[in-house]
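Worksheet: one structure, shown below.
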Amino acid sequence: MQLPILPLLAFAPSLAAASGMLGFALGNKKADGTCKFQPDWEADFSAINTDSGSKVVRIYAASDCDTAKWILPAAKKTGGQVILGIWPDTDSSYAADKAAVVQYAPQYKDQVYAITVGSETLYRGNFTGETLLTKIKDTKSAVGSGFKVGTADSWNKFMDGTADALITGGADILLCNAFSYWQGQRIGNATASFFDDIMQAFGHIQSVAGSSPPELWVGETGWPSAGSTYQNAVPGVASAKTYWDKAICGILAWGVNVFFFEAFDEPWKPVSVGQDGSVADETHWGAWNSDRSSKYATTC
Ligand SMILES: *[C@@H]1O[C@H](CO)[C@@H](O)[C@H](O)[C@H]1NC(C)=O
Ligand SMILES: *[C@@H]1O[C@H](CO)[C@@H](O)[C@H](O)[C@H]1NC(C)=O
C-alpha cells in the first residue's frame, strides 16, 4: 500500500512498532430508534470482533438509554472493553452521566478502557480548556483510582492550543477527531488530509506535553457509504472501502490507535447541517449496515 510521506515527529513510531489499536464508535439506539439493551450490545460486540478483530468501543453518554448499565455486562460476557462517555454540556447531563459512571465503572473495572468527559465541546465553543479540565478532574476524583480520564475533540482544537490546559493539567487520554469528508476533500486526497490533520494535532500535543504525554487516539474518523455529497467529498461504498484500506489500515500500521466512526449505520438519525450550511444525512457512516451485515472487509 502507498502511504503518504509523514513528517518525522517525536511520536512517530519506528517501523518495527506494533500496530495501533482499532476501536469503533457505537450508537446506543437500535435501527428503529429505541434504546439498546444488554443482548443488543452483546450482538454488537460479537459482530465487531468477528469481522474486524476489534474488542474496544466508545459510547458518548453513560446514562442515556442506561448505556453504562447494559453495555458493561455485555462487554464482560463477550470479552470487550468500553470507553464510557460523559456529556458535560449541560449541568443536568453532566450530573446524570457522572452518576452512571460512578455507579457502574467500579463494578466493571476490567471492562472500562477509559472515560471521556465531553465530545467536541471545545470545537463547539461550549467550554474553555480550563473549564473542561475542571470537569475531568471532578470526574476523576468521583470515580476513584484506576481509571484513565480525558476527552475527545476535533483535531484542530488540539493543534491550535485551545486544549493546552488539558495536556499540561493531567488528562490521561486524548482522542482527536478528524474527518476529511467534512473538510470537503475528494477521496483521492482524503488519506493525505487525514494523516496531515492527525500529525499536526499529535505533534502539538507532544511538543506541549514534553516527556509524559497523555495516551493518544484518533477519536473519530470515517467515510459514509451513502448520503449527500459535501463539497468534493462524495459518499459511496467503494470510497468508504478505499478510506478503510488507506486511512484506517495506514494509520494503524504507523502504530496509531484509531476509533472508526462508526460501527453500524443509524437509520433513525435526523439530518444534520454542515459548517457550510448544507444539509447532510448521517445515517450511512457505519462500517456495517444497521442489521450488522458487512459492507466491505474490515480487516487490514
Ligand atoms: C453547548 O452544547 C449544547 C449541545 O450539547 C448546545 O445546545 C449549546 O448551545 C452549547 N452551548 C454553547 C454556549 O455553545
Ligand atoms: C490534500 O491534502 C493536503 C494535506 O492535508 C492538503 O495540503 C491539500 O491542500 C489537499 N489538496 C486539496 C486539493 O485540497
Side-chain angles (χ1 to χ4, degrees), residues 18-30 35-88 93-119 135-152 171-175 177 214-220 252 257-264 266 286-288 292 298:
S19 166
M21 279 182 279
L22 170 67
F24 288 86
L26 199 45
N28 63 7
K29 296 193 173 67
K30 294 189 267 200
C35 291
K36 290 179 183 175
F37 288 95
Q38 188 178 333
D40 306 301
W41 295 115
E42 286 175 19
D44 285 355
F45 276 114
S46 298
I48 290 169
N49 186 248
T50 301
D51 286 358
S52 73
S54 167
K55 289 178 181 298
V56 56
V57 302
R58 58 176 297 224
I59 59 94
Y60 293 82
S63 68
D64 187 41
C65 285
D66 277 334
T67 294
K69 176 179 178 179
W70 299 121
I71 197 173
L72 289 170
K76 186 167 186 172
K77 206 162 157 187
T78 55
Q81 283 193 309
V82 187
I83 294 188
L84 291 174
I86 290 176
W87 198 262
S93 66
Y94 179 60
D97 285 344
K98 190 176 88 172
V101 166
V102 166
Q103 181 175 359
Y104 296 108
Q107 296 176 36
Y108 291 95
K109 268 199 153 159
D110 292 343
Q111 283 71 46
V112 177
Y113 187 87
I115 296 159
T116 51
V117 181
S119 172
K135 292 175 191 295
I136 288 172
K137 285 183 163 168
D138 176 55
T139 296
K140 210 171 154 66
S141 72
V143 73
S145 62
F147 296 101
K148 293 182 271 196
V149 186
T151 196
D172 304 309
I173 180 168
L174 295 174
L175 284 65
N177 302 348
E215 180 175 330
L216 298 178
W217 284 71
V218 174
E220 292 182 0
L252 285 169
N257 306 318
V258 56
F259 279 101
F260 187 77
F261 182 92
E262 58 182 331
F264 307 104
E266 298 194 81
W288 294 274
R292 307 187 186 90
T298 49

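Other residues, nucleotides and ligands contribute at most 12 non-hydrogen atoms within 6.0 Å of the NZ atom of K77.
Contact between N177 and A152 at its shortest, heavy atoms only, is OD1-CB, 4.4 Å. Counting all heavy atoms, side chain and backbone alike, Q111 lies closest to A75 at CG-CB, 3.8 Å. Shown here for L174 and P214, the closest heavy-atom pair between the two residues is CD1-CG, 3.6 Å. Across all non-hydrogen atoms, the minimal contact from V57 to F259 is C-CE2, 3.7 Å. The nearest pair of heavy atoms linking K55 to G79 is CD-O, 3.7 Å. When every heavy atom of I86 is checked against every heavy atom of K98, the shortest pair comes out as CD1-CA, 3.9 Å.
Just one residue in the list K137, K140, K148 forms a salt bridge (Lys or Arg N to Asp or Glu O under 4.0 Å) with D172, and that residue is K140. Checking D44, T67, N28 one by one against K36, the side chain to side chain donor-acceptor pair (under 3.5 Å) holds for a single residue, D44.
For residues 37-79, every residue pair satisfying the ring pair (Phe, Tyr, Trp, His ring centres under 6.0 Å) rule, not counting sequence neighbours, is listed here: F37-W70.
Expressed to the nearest 0.5 Å, how far CZ of F260 lies from OG of S52 amounts to 10.5 Å. To the nearest 0.5 angstrom, E215 atom CD is 5.5 Å from M21 atom CE. Residue I59 holds its CD1 atom at 7.5 Å from CG of D97, rounded to the nearest 0.5 Å. The line from CZ of F147 to CD1 of I115 is 5.5 Å long, rounded to the nearest 0.5 Å. Here the OG1-CD1 distance, from T116 to I83, works out to 6.5 Å after rounding to the nearest 0.5 Å. Distance check: L22 CG to S54 OG gives 4.5 Å after rounding to the nearest 0.5 Å.
A donor-acceptor pair under 3.5 Å is absent between the side-chain atoms of R58 and the main chain of G23, judged by distance alone. Judged by distance alone, with hydrogens and angles left aside, the side-chain atoms of S93 form a donor-acceptor pair with the main-chain N or O of W87 at under 3.5 Å. Under the 3.5 Å distance criterion, the side-chain polar atoms of T151 are matched with a main-chain donor or acceptor of G118. Side-chain atoms of Y104 do not come within 3.5 Å of backbone N or O of A62 as any donor-acceptor pair.
With a 4.5 Å cut-off on side-chain heavy atoms, K30 and D40 count as touching. Side-chain contact between Y108 and L84 is absent, with no heavy atoms from C-beta onward closer than 4.5 Å.
Among residues two or more places apart in sequence or in another chain, the salt bridge (Lys or Arg N to Asp or Glu O under 4.0 Å) test is passed with K29 by D64.
Between F264 and W288, the ring-plane angle classifies as tilted under the 30° and 60° cut-offs.
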